[in-house]
Amino acid sequence: MYTHMPPDYTCPFCLVVQGIEDPNNKLVQSKQQDIIYQDEYVTALIAALWWPNNKGHVIIIPNRHYENIFDLPLDIAAHIHKIAQRVSYALKDCYKVRWNLH
Ligand SMILES: [Zn+2]
């Protein structure tokens, strides 16, 4: 299988799922308190460092490492979408936002 990962690569998202924090923000920049949802398949967390002016930016990641969308099983992809919709409803309610759908 082809991979882009260098041999010594440490996936920061997998560290988040494993509950690992780095006080120096080198290995992983997210904190466990950034996690807003987690089940046996996915973890959803607020993007704490990037896009600071985009309140509510949420990243939903599979708990298992998949390098790319081609490796991602369809049932996990569907679950990510299900949780994305659930998080979207929560954000909509929390921030009282209106969607501009065209
Ligand atoms: Zn990973």
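Ligands are counted one by one from 1 in listed order, and the atoms in each one are counted from 1 as well. What you see is a predicted model, and the numbers here were worked out from it, not measured in a lab.
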All N/O donor-acceptor pairs, side-chain side in residues 39-47, below 3.5 Å, sequence neighbours left out:
from	atom 1	to	atom 2	distance (Å)
D39	OD1	Y41	N	2.8
D39	OD1	V42	N	2.8
D39	OD2	Y37	OH	2.8
D39	OD2	H79	NE2	2.6
T43	OG1	Q38	NE2	2.7
T43	OG1	N63	OD1	2.6

**OP:** May I ask you to decide if K26's main-chain N or O and N24's side chain share a donor-acceptor pair within less than 3.5 Å?
**Re:** no
**OP:** For Q32, enumerate each residue passing the side-chain hydrogen bond (donor to acceptor under 3.5 Å, both in side chains) test, keeping only those at least two apart in sequence or located in another chain.
**Re:** none
Original post:
Can you tell me if NE2 on H81 sees more than 12 non-hydrogen neighbours from other groups inside 6.0 Å?
Top reply: no
**OP:** Share the residues that join L74 in a hydrophobic cluster, the rule being Ile, Leu, Val, Met, Phe, Trp or Tyr side chains under 4.5 Å apart at the heavy-atom level.
**Re:** none
Original post:
Is there a donor-acceptor contact under 3.5 Å from the side chain of D75 to the main chain of A78?
Top reply: no
Subject >> Protein N/O/S atoms closer than 2.8 Å to the Zn ion (ligand 1) >> reply: C11 SG, C14 SG, H65 ND1
